[in-house]
2 protein chains.
Amino acid sequence: MIQEKTVLIVEDEPDIQELIRYHLEKEGYATMLCASGSEALNIIEKQHPDLVLLDLMLPEISGIEVLKKVRFMWNLKELPIIIVSARTDETDVITGLELGADNYLPKPFSPKVLVANVKALLRRASTSSSTKNTHDDNLTLVGDLKIDQTRHEAFYEGSALVLTASEFSLLTLLASSPGRVFTRNQIISGMRGDDYPVTERSIDVQIASVRKKMGSGGNLIKTVWGIGYSYQDKP
Amino acid sequence: MIQEKTVLIVEDEPDIQELIRYHLEKEGYATMLCASGSEALNIIEKQHPDLVLLDLMLPEISGIEVLKKVRFMWNLKELPIIIVSARTDETDVITGLELGADNYLPKPFSPKVLVANVKALLRRASTSSSTKNTHDDNLTLVGDLKIDQTRHEAFYEGSALVLTASEFSLLTLLASSPGRVFTRNQIISGMRGDDYPVTERSIDVQIASVRKKMGSGGNLIKTVWGIGYSYQDKP
DNA sequence: AAGCTTTTTCACAGAATTTTCACATTTCAT
DNA sequence: ATGAAATGTGAAAATTCTGTGAAAAAGCTT
């Protein structure tokens with residue numbers, strides 16, 4: 001039996017919400033609805049939808065913020081996101097795409113276009129992740145460290161590491177290129193995007209924190225004096 | 001079929017002119033001759049030689065002026081230029097190198113040295129612009145020396161060199177243009193940026209340190225008396 | 001808005017590196 | 001050969017870098 005794919009619709013206008021929902025369900029997708037950015041983040045974190053349709057104009061948190069959080073704080077790089085926008089103002093759309101949205105649908109759009117986009121993106125997402133691994137999850141393995149990006153969980157020597165969002169992001173970045181030395185600025189860019197305003201030293205604190213939580217494995221995060229940090233690959 | 005490379009020889013002494021021409025043509029290079037700076041500029045502008053051998057002592061316009069014009073007025077940063085000097089005036093050689101000459105040959109020089117330098121420089125020039133992604137961009141290989149920028153590791157004869165950040169930086173700079181002579185000031189700029197306030201002599205100490213760590217390979221870092229240092233390319 | 005968590009900044013100590021300095025040694029031109 | 005100039009070198013001095021604990025700031029939840 002085929003697993004039903006779930007689409008999260010983030011949209012504050014009820015009419016459009018209904019419209020989208022109708023067409024997607026007709027095609028056999030499960031849908032979830034929400035009207036604000038904070039709800040959206042909540043749902044994404046807890047229910048793991050397979051795709052997100054994201055309106056950029058939202059109350060409270062803007063769509064851009066949602067995107068940023070999903071991509072950089074949670075490292076859910078694989079979650080397909082389609083931006084839906086009524087904006088004549090293209091800036092947001094461009095920002096959105098640069099932040100890693102997978103596609104963009106201008107309003108108004110025809111149901112056919114909508115469904116076609118959703119289908120295409122889901123197909124691509126499923127093939128790209130399944131080629132990576134025998135198993136379905138998107139995980140990183142380095143020695144005794146295991147990181148599951150989709151579930152947002154990390155394990156060292158089999159036991160779970162209780163990491164904050166940025167600690168997780170940091171460890172993921174380092175461990176996904178073992179042996180590579182990252183400068184503090186590269187780490188900041190990798191975690192938060194290019195123009196995130198923090199002192200380089202803040203990275204040191206995060207590093208210390210992850211090391212401590214990794215216990216004996218903490219020394220796998222190497223300090224490269226005068227340069228930055230790296231995750232050890234060779235024993 | 002291999003494209004014949006053209007070398008412009010700027011030299012006012014006819015004997016030396018002939019000598020150089022003879023050896024270069026024997027190696028299969030096309031040559032152009034001229035005896036003054038203004039002629040040189042003319043030819044460079046109109047005929048686009050692949051490399052220039054530039055005597056610094058010239059009538060009318062000095063070699064330094066030619067260099068300046070080529071580098072800064074025409075922006076021909078890629079054109080390889082080798083300074084040929086009778087060595088009475090070290091100052092000029094240093095000025096020349098800092099103005100962006102790619103190398104310098106003290107007179108008198110052996111034909112072998114001449115040809116080797118021309119070859120090396122042409123090879124470097126052709127690979128640096130056209131073949132960017134043949135190999136890993138951040139791997140440098142020179143003889144038994146291997147430098148991995150990404151991992152920030154260096155190996156000599158297979159065993160790792162434990163280098164400090166600036167030693168690594170220094171070795172990388174020299175080894176990424178084997179055979180090229182760097183003045184101490186160029187090294188400082190290359191390592192730390194343009195306005196880094198240190199004595200030139202501090203470079204000597206770093207050099208000594210890298211040499212020591214390279215053990216038997218230490219003598220691959222050549223002292224070019226009165227000018228600076230270079231990493232040996234030809235065995 | 002209050003209370004909790006996470007993230008960033010700050011300041012200081014300890015380490016490691018980098019530079020300077022003084023003197024020995026080498027090189028080059030005469 | 002000889003002397004001036006340039007480089008080699010060991011050790012001291014100065015600087016820079018990292019680890020940390022704690023405070024401040026920023027985010028989130030209720």
Side-chain angles (χ1 to χ4, degrees), chain A residues 36-46 60-62 65-66 68-69 72-74 152 161-171 181-185 187-188 191-193 196-214 218-219 221-230, chain B residues 85-91 93-94 106-108 152 161-171 181-185 187-188 190-193 196-214 218-219 221-230:
Chain A
S36 75
S38 50
E39 278 181 77
L41 288 173
N42 215 350
I43 294 176
I44 290 170
E45 187 179 23
K46 296 189 178 139
E60 304 172 50
I61 306 179
S62 84
E65 287 307 313
V66 174
K68 218 184 257 182
K69 181 132 188 178
F72 296 116
M73 316 238 352
W74 295 344
H152 215 252
L161 300 174
V162 183
L163 302 176
T164 67
S166 50
E167 287 161 3
F168 184 84
S169 175
L170 169 58
L171 184 56
V181 178
F182 292 82
T183 66
R184 290 175 177 72
N185 278 324
I187 292 174
I188 292 169
M191 291 173 63
R192 284 14 211 324
Y196 193 78
V198 285
T199 309
E200 295 197 358
R201 294 307 307 283
S202 68
I203 298 305
D204 298 36
V205 181
Q206 304 268 15
I207 290 277
S209 182
V210 177
R211 278 177 172 157
K212 186 179 286 182
K213 290 185 179 178
M214 285 182 70
N219 57 5
I221 299 177
K222 296 291 181 192
T223 300
V224 182
W225 226 91
I227 308 292
Y229 297 96
S230 74
Chain B
S85 163
R87 209 182 205 318
T88 47
D89 42 8
E90 237 159 43
T91 325
V93 174
I94 292 180
K107 278 189 203 172
H152 223 262
L161 301 175
V162 183
L163 302 176
T164 68
S166 47
E167 288 161 2
F168 185 87
S169 168
L170 169 58
L171 184 57
V181 180
F182 291 84
T183 67
R184 290 175 177 73
N185 277 323
I187 293 174
I188 292 168
M191 291 173 61
R192 308 303 185 116
Y196 192 77
V198 285
T199 310
E200 295 196 358
R201 294 307 307 285
S202 68
I203 298 305
D204 298 34
V205 182
Q206 303 268 18
I207 290 277
S209 182
V210 177
R211 278 178 172 155
K212 184 179 286 182
K213 290 184 180 179
M214 285 182 70
N219 56 4
I221 299 177
K222 297 291 183 193
T223 299
V224 184
W225 214 85
I227 311 293
Y229 297 96
S230 75

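Below, chains carry the letters A, B, ... as their sequence lines are ordered, and counting in each starts from 1. What's counted below: heavy atoms across the whole structure, side chains too, no hydrogens, waters or symmetry copies.
Rounded to the nearest 0.5 Å, atoms CD1 (A:I227) and CH2 (A:W225) are 10.5 Å apart. Between A:K212 atom NZ and A:E167 atom CD the span is 10.5 Å, to the nearest 0.5 Å. One finds the CG atom of A:L163 at 9.0 Å from the NE2 atom of A:H152 (value rounded to the nearest 0.5 Å). The CE atom of B:M191 sits 10.5 Å away from the CG atom of B:L171 when rounded to the nearest 0.5 Å.
In this structure, B:T199 reaches the C:dT20 phosphate: one of its side-chain N or O atoms is under 4.0 Å from OP1 or OP2. When the side-chain nitrogen and oxygen atoms of B:S166 are compared with OP1 and OP2 of C:dT18, one or more of them lie within a distance under 4.0 Å. Dashed line: the shortest gap from a side-chain N or O of B:T164 to OP1 or OP2 of C:dT17 is not under 4.0 Å.
Heavy-atom minimum distance, A:T223 versus A:Y229: OG1-CE2, 3.5 Å.
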- Message: I need a per-nucleotide contact map over nucleotides 8-21 of chain D, read 5' to 3'. Cutoff is protein heavy atoms under 4.0 Å; write B for the base, S for backbone only, - otherwise.
- Response: BBS-----BBBBB-
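For the helix from C:dA1-D:dT30 to C:dT30-D:dA1, the end axes, each set by the C1' atoms of five terminal pairs, are bent relative to each other by 50° (nearest 10°).
At a threshold of 4.0 angstrom between heavy atoms, the contacts of B:E167 with the nucleic acid are absent.
Atom pair B:K222:NZ and D:dA6:C1' shows a separation of 18 Å (rounding to whole Å applied). Counting to the nearest Å, the C1' atom of C:dT19 and the CD1 atom of B:I203 are 10 Å from each other. Put simply, CZ on A:F168 is 13 Å from P on C:dT7, counting in whole angstrom units.
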- Message: A:R184 vs A:V198, test: side chain to side chain contact (heavy atoms under 4.5 Å, CB included). Steps then yes/no.
- Response: CA-CA 10 Å; A:R184 290 175 177 72; A:V198 285; over 6 Å; no
- Message: Run the side chain to side chain contact (heavy atoms under 4.5 Å, CB included) test on A:S169 and A:R192 for me, step by step, so that the C-alpha distance in whole Å, both residues' side-chain angles and the decisive distance to 0.1 Å come before the verdict.
- Response: CA-CA 9 Å; A:S169 175; A:R192 284 14 211 324; 5.6 Å; no
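For the side chain to side chain contact (heavy atoms under 4.5 Å, CB included) with A:F182, the lone residue among A:I187, A:I188, A:V224 that qualifies is A:I187.
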